[in-house]
Amino acid sequence: MLELAALQPVDYLVIGHIAVDITPTGKQLGGSVSYAALTARALGLRVGIVTSAGNDAPMQVLNGMQVVVIPSELSTTFENVKTEHGRKQTLHHQASKIKIEHIPSVWRDAPIIHFAPIAQEFDASLVNFFPKSLVGVTPQGWMRAWNENGEVQASAWENSEQVLGQAGSVVMSVEDVNRNLELVELMAHQTRILCLTEGEAGAVLHWNGDRRRFRPPLVEE
């Protein structure tokens with residue numbers, strides 16, 4: 001964990017668990033925090049990360065960024081299996097919770113703050129503490145639940161109106177809402193910008209009552 005006194009201001013702060021993803025070729029770093037942080041850095045932003053992880057997380061790819069890690073015995077660990085009916089997801093471990101006191105004061109006025117939960121790791125009320133920032137939300141971690149075997153299912157997003165009203169932009173997957181497009185339309189009217197990703201089909205952007213589809217290039221995954 002970085003010494004908090006040594007932290008420098010950032011342009012983009014992303015909050016949430018990194019993931020250890022179990023793949024057929026071994027473990028790899030995953031989670032919205034990891035992908036978003038790498039993308040923001042590639043775009044030239046100074047990036048800060050607040051996360052929780054264990055020593056099992058392969059975090060070398062994040063070297064060069066400022067990362068505050070809340071210690072945890074194990075990292076949040078997912079296993080994703082593609083089936084003809086969609087993705088089958090299993091949560092094997094969950095890292096420690098993230099609270100407001102874990103977020104360094106020097107980062108609380110960052111121009112962009114991205115809330116990126118993947119496993120209910122912080123309360124949605126956290127968005128209320130950053131009135132000066134552009135708040136971005138990828139709410140998938142608030143929209144999933146799991147049983148005693150770790151089998152993940154789509155779940156209702158509690159208190160979503162509170163977050164949607166505060167957010168400058170929201171990005172979610174069609175799988176996060178169990179392909180309920182009526183629910184997407186309802187949420188789109190409660191926030192400024194909502195982007196629904198649809199995997200290989202691309203994405204649909206909702207903005208000011210307008211809806212536009214963006215097709216992706218055809219490539220081999």
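Residues take their numbers from the sequence shown, with the count starting at 1. Keep in mind that the numbers below use all heavy atoms, side chains included, and drop hydrogens, waters and symmetry copies.
A donor-acceptor pair under 3.5 Å is absent between the side-chain atoms of S133 and the main chain of I112, judged by distance alone. One N or O on the side chain of T23 and one on the backbone of T25 form a donor-acceptor pair closer than 3.5 Å. Of the possible polar contacts, none joining the D21 side chain to the Q28 backbone as a donor-acceptor pair under 3.5 Å is found. Without hydrogens or angle criteria, Q166 side chain to V135 main chain gives no donor-acceptor distance under 3.5 Å. Formation of a donor-acceptor pair under 3.5 Å by the S96 side chain with backbone atoms of S52 is not found in this model. A donor-acceptor pair is defined here as one N or O able to donate and one able to accept, closer than 3.5 Å; no such pair exists between the side chain of T77 and the backbone of H92. Formation of a donor-acceptor pair under 3.5 Å by the Q190 side chain with backbone atoms of G165 is not found in this model. Looking only at distances, a side-chain donor or acceptor of E121 sits under 3.5 Å from a matching main-chain atom of I118. Here the side chain of S75 pairs no donor or acceptor atom with the backbone of D56 at under 3.5 angstrom. In this structure, the side chain of D123 engages the main chain of S125 through a donor-acceptor pair within 3.5 Å.
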All N/O donor-acceptor pairs, side-chain side in residues 30-44, below 3.5 Å, sequence neighbours left out:
{"residue": "S32", "atom": "OG", "partner": "Q140", "partner atom": "NE2", "Å": "2.8"}
{"residue": "S34", "atom": "OG", "partner": "G30", "partner atom": "O", "Å": "2.9"}
{"residue": "T39", "atom": "OG1", "partner": "Y35", "partner atom": "O", "Å": "2.8"}
{"residue": "R41", "atom": "NH1", "partner": "N63", "partner atom": "O", "Å": "2.9"}

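Side-chain polar atoms of H114 and T138 form a donor-acceptor pair below 3.5 angstrom.
For the pair E198 and R213, the salt-bridge criterion is met [side-chain N within less than 4.0 Å of a carboxylate O].
In this structure R211 satisfies the side chain to side chain donor-acceptor pair (under 3.5 Å) test together with E185, sequence neighbours excluded.
Atom SG of C195 is separated from atom CH2 of W207 by 14.0 Å, given to the nearest 0.5 angstrom. Summarising the geometry, atom CE belonging to M187 is positioned 12.5 Å from atom CD belonging to E182; distances are rounded to the nearest 0.5 Å. Between the CD1 atom in I103 and the CD1 atom in I113 there is a gap of 7.0 Å [rounded to 0.5 Å].
Two rings, from W142 and F122, have their centers less than 6.0 Å apart.
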